[in-house]
**Q** 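Here's a structure for you.
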Amino acid sequence: MSEPTPPTAGDTSTTPAQAPATGRIPHGPFRPGDQVQLTDPKGRINTITLQPGKQYHSHKGSIEHDTVIGSPEGTVFRSSGGTEYLAFRPLLSDFAVRMPRGAAVVYPKDAAQIVAQADIFPGARVVEAGAGSGALSCFLLRAVGEHGLVSSYERRPDFADIARANVEKFFGGPHPSWKLTVGSLEDSLAETEVDRVVLDMLAPWETVDAVAKALIPGGLVCAYVATTTQMSRVVEELRGHGAFAEPYAFETLLRSWHVEGLAVRPDHRMVGHTGFLVTARRLADGVTPPLRRRRPAKGAQLDAAALAAGTPAPDGPDGTGDTPAPDAPGDGES
């Protein structure tokens, strides 16, 4: 695997040096350098990197790496202490939640929604801010493939170093489609004619002007934020900017289930709130978005007799007498 080209003086970005392909092969027999998850009978997972001549040690005994190398995935290995371990390569979702962290990672349930709802496609040109610990960068790189581009911006050099190490560890070396720049998006953005922009940062509303200039007509911006106040502000900024269609805001909840014989129930623990997502499409230059109209609820309509009698308007949830229609696409529009 070729090494990255050293940056020149004053250069804050790092790009792979003509790397033809990533080095990690996620299928086939185990190879030296592969990461392997060893799962014990209680479901506890230990991840090792295979090296000829090495051993995995625990209080339940040891396993020779040479025994694992060359074996197919899904093989069971018995330690010297008699404990059986099931061996698989880690999935990206496994790697993301266990990677070394600087910033908090984007959890797989949200990364999957970003890839789907932002419509990240093979060959897409994607701008990401910020890189954090590199979890979302890995998902985006998987989606765009080796002929696309993910250009990540990270303000903090220490977070950029962690992200770079995690991405290269997962893919087995520098990814040919990844560019990492240390700097803020609004000050350092160099890309134009991009298809998608993903914002995972504290104040995404500060970048709306820069995002609008970079996106192609029909392109999409997706903001990932943690709180309702952040969500509200980014939605209102996108609405007021004039270059975007109506934003769509949502979150995803994930609940796993316990299934054992007749004991079928939701798990007692679940991954609840992690973050909100806001998406919006870029309009063509010079186009004014149509005025949104909402159909009022039936209870908000007073007949002529009631109006003549001076009957006060019914109180809606917002105190104005109107009951807002749902914000989901297709609902509440006339």
**Q** Please tabulate, for the side chains in residues 27-35, all donor-acceptor contacts under 3.5 angstrom to protein atoms that are two or more places apart in sequence or on a different chain.
**A**
| unit_1 | atom_1 | unit_2 | atom_2 | d |
| --- | --- | --- | --- | --- |
| Arg31 | NH1 | His27 | O | 2.9 |
| Arg31 | NH1 | Pro29 | O | 3.2 |
| Arg31 | NH2 | His27 | O | 3.3 |
| Asp34 | OD2 | Arg31 | N | 2.8 |
| Asp34 | OD2 | Arg89 | NE | 3.3 |
| Asp34 | OD2 | Arg89 | NH2 | 2.8 |
| Gln35 | NE2 | Lys169 | O | 3.2 |

**Q** Under the salt bridge (charged side-chain N to carboxylate O under 4.0 Å, His left out) rule, what pairs show up with a residue in residues 41-51, not counting sequence neighbours?
**A**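 Only Asp40-Arg44 qualify under salt bridge (charged side-chain N to carboxylate O under 4.0 Å, His left out).
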**Q** Please name all residues satisfying ring-ring contact (aromatic ring centres under 6.0 Å, His included) with His59, sequence neighbours left out, ordered by chain then number.
**A**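 Not a single residue meets the ring-ring contact (aromatic ring centres under 6.0 Å, His included) criterion with His59.
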**Q** Ignoring hydrogens and angles, write down the donor-acceptor pairs under 3.5 Å from the side chains of residues 129-140, residues two or more places apart or on other chains.
**A**
| unit_1 | atom_1 | unit_2 | atom_2 | d |
| --- | --- | --- | --- | --- |
| Ser133 | OG | Gly102 | N | 2.9 |
| Ser133 | OG | Ala103 | N | 3.3 |
| Ser133 | OG | Ala103 | O | 2.6 |
| Ser137 | OG | Glu128 | OE1 | 2.7 |
| Ser137 | OG | Glu128 | OE2 | 3.3 |

**Q** Got a sec, which residues hit salt bridge (Lys or Arg N to Asp or Glu O under 4.0 Å) with Glu64, two or more places apart in sequence or on another chain?
**A**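 Once residues adjacent in sequence are excluded, Glu64 has no partner under the salt bridge (Lys or Arg N to Asp or Glu O under 4.0 Å) criterion.
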**Q** Donor-acceptor pairs under 3.5 angstrom involving side-chain atoms of residues 201-226: please list them, not counting sequence neighbours.
**A**
| unit_1 | atom_1 | unit_2 | atom_2 | d |
| --- | --- | --- | --- | --- |
| Thr207 | OG1 | Pro204 | O | 2.8 |
| Asp209 | OD1 | His241 | NE2 | 2.7 |
| Tyr224 | OH | Asp110 | OD2 | 3.0 |

**Q** Would the distance check show the side chain of Lys179 and the main-chain N or O of Leu149 forming a donor-acceptor pair, the cut-off being under 3.5 Å?
**A**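 Looks like no, no N/O pair under 3.5 Å.
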**Q** I would like to know whether Leu180 and Val167 meet side chain to side chain contact (heavy atoms under 4.5 Å, CB included); could you show each step before the answer?
**A** CA-CA 11 Å; Leu180 176 61; Val167 170; over 6 Å; no
**Q** Listing request: all ring pair (Phe, Tyr, Trp, His ring centres under 6.0 Å) pairs with a residue in residues 67-119, at least two apart in sequence or in separate chains.
**A**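 Qualifying pairs: Tyr56-Tyr85, Phe95-Phe170.
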**Q** Suppose the criterion is salt bridge (charged side-chain N to carboxylate O under 4.0 Å, His left out): which pairs have a residue in residues 118-127, not counting sequence neighbours?
**A**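 As it turns out, the salt bridge (charged side-chain N to carboxylate O under 4.0 Å, His left out) pairs with a partner in residues 118-127, which skip direct neighbours, are Asp119-Arg196.
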**Q** Leu262: which other cluster members, linking ILVMFWY side chains closer than 4.5 Å, directly or transitively?
**A**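 Besides Leu262, the hydrophobic cluster comprises nothing; the residue is isolated.
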**Q** Which residue pairs pass the salt bridge (charged side-chain N to carboxylate O under 4.0 Å, His left out) test with at least one member in residues 227-236, sequence neighbours excluded?
**A**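 Qualifying pairs, neighbours excluded: Glu236-Arg239.
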**Q** Test question: given the 4.5 Å side-chain rule for I, L, V, M, F, W and Y, name all other residues clustered with Ile45, or answer none.
**A**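 Direct or chained contacts put Ile45 with none.
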**Q** Name all pairs fulfilling the salt bridge (charged side-chain N to carboxylate O under 4.0 Å, His left out) condition that reach into residues 45-62, sequence neighbours left out, sorted by first residue then second.
**A**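 Found none.
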